[in-house]
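Here the structure comes first, spelled out in structure tokens, and everything after it is commentary.
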There are 2 protein chains.
Amino acid sequence: MTQTSSSDTVLDRVLRILSAFDARRRQLTVAELSQLADIPLATTYRLVNQLAKENILTRYPNGNIGLGIRLWELAARSSPAVSLRTAAMPFLDDVQSIFRQHTQLSVLDDHELLVVERLSSRNSVVNQATVATRMPIHTVSMGLVQLAFQPQYIIDDYFALYPEATDMSYPGTGSITDTLAKIQRDGFAMLDGMLDDGTTGAAVPVFDKPTGRKRVAIAAISVVIPEDFESRSAVVPVLMAASRGLTRALHPTAEPG
Amino acid sequence: MTQTSSSDTVLDRVLRILSAFDARRRQLTVAELSQLADIPLATTYRLVNQLAKENILTRYPNGNIGLGIRLWELAARSSPAVSLRTAAMPFLDDVQSIFRQHTQLSVLDDHELLVVERLSSRNSVVNQATVATRMPIHTVSMGLVQLAFQPQYIIDDYFALYPEATDMSYPGTGSITDTLAKIQRDGFAMLDGMLDDGTTGAAVPVFDKPTGRKRVAIAAISVVIPEDFESRSAVVPVLMAASRGLTRALHPTAEPG
DNA sequence: GGGTAATTCTCATTTAATGAGAATCGAGTG
DNA sequence: CACTCGATTCTCATTAAATGAGAATTACCC
């Protein structure tokens, strides 16, 4: 059955087809797509063929369907995420080469955290799943550090949307409200054992302007380190230097470097 | 007037809207979009609003339209270009940190060269235009080095499509046919003054498998160096090491390391 | 307050899109 | 080679998504 709320536009259907693919589902048969996208088989074939003709989707020799390079190209040419990532790369690279730990750039989008880039150490498993994945803001340092530097109404909206966040108790800082207050005071988040036992997520905000009182976080730079990391005390200063560099790169001004 | 060849589908129109944006046109008014996409204004407003609702496009506070983060996210989750880029990053990083020159990863697509990634030296201008840009294959080393390692029928198709390529005379190697033959013998392309005077483009192919006779290039790794670069003799060996590393990363086998 | 452009809304009309089922194709099996 | 089955394309009567001009509303500027 098709959607009942309003009419099922062609755009809705195309987006459901494109959304069916992710890091674990890179190739799908047309029958699978039809089911995942909730579109009758004949219509799915027609839309898939139209998309393949434009290279938004690609047909593999075995008949399976995957995303086409044109979709990437359209997005890469002028997406804000790509601009941010490109500007951030030298700073992420600095952080990654100093600590040799997973280093991420992330943003908040639609009340979730979205990973824009992840640099991993040489010998770590290539893990595509990390870039473009979403996580609840309140479960990771890089989310909390961005939330802490948002207008109060955005924080309130978030709590309204995720009441379970207000039930959280963070190791060493207590409630989410107390945790956000500490992050606001410190200017960084450093939380143990959030996603994985034995690791610490350290994150700093990237602000929308170099100085000023009402700065808003537009991204975060973060690393994941072992809890007993020997260079632990150096992490935040290095992240902050990277963050300030990125903010200046994004907002060049006449102020002295 | 709308297109006359066949009917103007919603998908056609949506793709024309998305294609209107590029590195130089990151924000457009709805009126500009209507003109660029050749869609009546009322229809453009309607489609733009639908796309903005899904965050495929975004509305800026000044009313301008730009690409939305969801488009990037859809593409980043499972696009082959992103997988290739992710696998290549350690090797590109190696090359870039050794020579401190622009380092690129590119593929052939639809008889053109498409830049998938570009790492630049620290102090170079951040130049978004390079990633996701297309160039004629026969005008750059990284294009020629991939063309040289394609099946003959693909080379023939290319010449049929771009007869002007057969009129080219490359410095030191002559015609394109002779140049391709030399690249096939050498296993790399190193051409002076192709895009910019005073520079050399050095490129090696990334093959579809580690060994074997009928290997096909699926990408290229390349650097742009000054013609009088002091480490010129080291460039190709380093690029080849990076390329072999990438091929092995893409095609892990049981063969010894 | 007036002027102008941007934007939304309306709705009669158009036509793109639909999708079941027939037809065709391709792969696998005996 | 014939048969079976699933994949895929094609057909076409019907539907409803889409259209787009122009009116209405909103926002901005002077």
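Chain letters run A, B, ... following the sequence lines, proteins first, then strands; residues in each count from 1.
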Please state how far atom [atom1] in [X] lies from atom [atom2] in [N], giving the value in whole angstrom units.
{"X": "B/Asp8", "N": "C/dT15", "atom1": "CG", "atom2": "C1'", "value": "12 Å"}
{"X": "B/Ile17", "N": "D/dA18", "atom1": "CD1", "atom2": "C1'", "value": "13 Å"}
{"X": "B/Glu32", "N": "C/dA5", "atom1": "CD", "atom2": "P", "value": "15 Å"}
{"X": "A/Arg46", "N": "C/dA16", "atom1": "CZ", "atom2": "P", "value": "12 Å"}
{"X": "A/Leu47", "N": "D/dT9", "atom1": "CG", "atom2": "P", "value": "13 Å"}
{"X": "B/Asn62", "N": "C/dT7", "atom1": "CG", "atom2": "P", "value": "9 Å"}
{"X": "A/Ile65", "N": "D/dT8", "atom1": "CD1", "atom2": "C1'", "value": "11 Å"}
{"X": "A/Gln50", "N": "C/dT18", "atom1": "CD", "atom2": "P", "value": "8 Å"}

Taking 4.0 Å as the cut-off, does a side-chain nitrogen or oxygen of [X] come that near to OP1 or OP2 on [N]?
{"X": "A/Asn49", "N": "D/dT9", "answer": "yes"}
{"X": "B/Ser7", "N": "C/dA16", "answer": "yes"}
{"X": "B/Arg13", "N": "D/dA18", "answer": "no"}

query: For DNA chain C, whose closest nucleotide is more 5', that of B/Leu41 or that of B/Leu11?
result: B/Leu41
message: So if I take every side-chain heavy atom of B/Thr43 and compare against D/dT8, D/dG20, D/dA18, which nucleotide ends up nearest?
response: D/dG20
- prompt: Can you tell which of C/dT7, C/dG21, C/dT18 lies closest to the side chain of B/Tyr45?
  reply: C/dT7
Using a strict cut-off of less than 4.0 Å between a Lys/Arg side-chain nitrogen and an Asp/Glu carboxylate oxygen, indicate whether [X] and [Y] qualify as a salt bridge.
{"X": "A/Glu117", "Y": "B/Arg85", "result": "yes"}
{"X": "B/Arg25", "Y": "B/Glu32", "result": "no"}
{"X": "B/Arg134", "Y": "B/Asp109", "result": "yes"}

field: First encountered from the 5' end of DNA chain D, between B/Thr9 and A/Ala31
entry: A/Ala31
Residue closer to the 5' end of DNA chain D, B/Ala42 versus A/Gly63 (nearest nucleotide): A/Gly63
field: side-chain contact (heavy atoms from CB on, under 4.5 Å) evaluation trace for A/Ile137 with A/Gln146
entry: CA-CA 8 Å; A/Ile137 294 172; A/Gln146 294 182 70; over 6 Å; no
- request: May I ask you to decide if the ring planes of B/Phe149 and B/Phe207 are parallel, tilted or perpendicular, using 30° and 60° as cut-offs?
  value: perpendicular
